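Throughout, a chain's letter reflects where its sequence line sits, starting with A, and its residues are numbered from 1. All values reported here derive from a predicted model rather than from experimental measurement.
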Number of protein chains: 2
Amino acid sequence: MSATNVDDTVTAMLHQVDQRYTTSRRRLVASLQTGEGPLTITQIVDADETLPQSTIYRNLNILEEAGVVTRVTTSDGFSRYELTEELTGHHHHLICTNCDMVTDFTLDTGIESVLEKALAGAARKAGFQPGAHRLDLLGTCKACR
Amino acid sequence: MSATNVDDTVTAMLHQVDQRYTTSRRRLVASLQTGEGPLTITQIVDADETLPQSTIYRNLNILEEAGVVTRVTTSDGFSRYELTEELTGHHHHLICTNCDMVTDFTLDTGIESVLEKALAGAARKAGFQPGAHRLDLLGTCKACR
DNA sequence: CTCAGTGCAAAGGATTTGCATGCCG
DNA sequence: CGGCATGCAAATCCTTTGCACTGAG
């Protein structure tokens, strides 16, 4: 999705929940678009020194409620944020168990579709209403091997 | 795996890292065995009032290092713990996006094997050394529907 | 006896919030 | 103008840690 389309979509999504697409929020979305994967608060602060931490936290929460960003939690105790799949497309994460770095990857649609069906079946058995799935591959990244 | 086998295995795993299987640790493992899925610290405290929080935190960290338990992070900011797959078998999680409840489920081995291969392929392309995968299904649980 | 494990209370660190100020609609 | 967003600093909450005590070998 192109940058301007992202902005348009985000504007609409925020409007849905009676929120404005302010300057801070635009800068935040722009930072998230630059990454190869979800960013930590620290990374966002470093990437854009004009934004104070509190504004980042507050706006990420609002953007999360609006469905614009997704919070990704790893085991290192730091929250990470990325644009939702609605904006970036469906993808998964490679998570390095050594340095906790996270990068995106995709599977081909055939596998995804098989997986979807299997998950739907398992959900039905459990009386669970299925939504999105989340698939991460743990291991060791190129730099840590 | 039966309860006594679990204890034997845990004893061995702890021994590997020069740790003893103390009373507190036994109680902790017992609590984790009762759940239908990963438990939060609060749930563990409530389930066994004899254990102070600090002991729970400390021993869960030791058990994690020994490979006996796994930390599961959801988006609600609470860590959850479960016995590792070595003790319980490979499984996945249903996560309710409304109440953050987590329960276990499994997929049949055919799907798992297809998935493994696909993940291995994606990892190779990224120069990533693949390990375990983590698959969660988000949605709404029976109680929240 | 000795040393790891325990329990309490205090410290640490990521995240949230109160309040005065500034800015967009 | 009016109200929401912002920025700073203080507060909050989960988690970790220091220290003296206890219990297993």
Quick one: is Ser24(B) getting a side-chain N or O under 4.0 Å of the dT6(C) phosphate, OP1 or OP2?
yes
Rounded to whole angstroms, how far apart are OH on Tyr21(B) and C1' on dA4(C)?
18 Å
Are OP1 or OP2 of dT6(D) and a side-chain N or O of Asn59(A) less than 4.0 angstrom apart?
yes
Nearest-nucleotide comparison on DNA chain D, the residue closer to the 5′ end among Arg71(B) and Thr23(B):
Arg71(B)
Among dG7(D), dC8(C), dT15(D), find the nucleotide with the atom closest to the side chain of Ser54(B).
dC8(C)
Is the distance from OP1 or OP2 of dT16(C) to the nearest side-chain N or O of Tyr57(A) less than 4.0 Å?
no
Using whole Å, what does the distance between atom P of nucleotide dC14(D) and atom CG of Asp76(B) come to?
10 Å
Hey, would you say the His133(B) and His93(A) ring centroids sit under 6.0 Å apart?
no
Do Ile111(B) and Leu94(B) sit in one hydrophobic cluster, given that two such residues count as connected whenever their side-chain heavy atoms are within less than 4.5 Å of each other, even indirectly?
yes
Rounding to a whole Å, what distance do you find between Arg27(B):CZ and dT6(C):P?
12 Å
Rounding to a whole Å, what distance do you find between Asn61(B):CG and dA4(C):P?
18 Å
Separation of dA9(C) atom P from Gln53(B) atom CD, nearest Å, is 13 Å
In whole Å, I'd like the distance from the CG atom of Leu28(A) to the P atom of dG7(D).
11 Å
Assess whether one donor atom and one acceptor atom, taken from the side chain of Arg20(B) and the base of dG25(D), lie less than 3.5 Å apart.
no
Ser79(A) vs dA14(C): side-chain N/O to OP1/OP2 distance below 4.0 Å:
no
Closest to the Arg25(A) side chain, choosing from dT6(C), dG7(D), dA5(D):
dA5(D)
Distance, rounded to the nearest Å, where Ile56(B) contributes CD1 and dC8(C) contributes C1':
14 Å
How long is the span from the OG atom in Ser79(A) to the CG atom in Leu39(A), to the nearest 0.5 Å?
12.5 Å
Interatomic distance, CZ@Arg134(B) vs CG@Leu135(A), rounded to 0.5 Å, equals 10.0 Å
I want to verify a distance call: between dT16(C), dG7(C), dG7(D), whose nearest atom is closest to the Thr55(A) side chain?
dG7(D)
Among the candidates dT6(D), dT16(D), dC8(C), find the nucleotide nearest to the side-chain atoms of Arg58(B).
dC8(C)
Within the structure shown, what part of the strands sits under 4.0 Å from Gln19(A) by heavy-atom distance: base, sugar-phosphate, or nothing?
sugar-phosphate
Expressed as a whole number of angstroms, how long is the span from Ile62(B):CD1 to dT15(D):P?
17 Å
What is the ring orientation for His92(B) with Phe105(B), classed by angle as parallel under 30°, tilted 30 to 60°, or perpendicular over 60°?
tilted
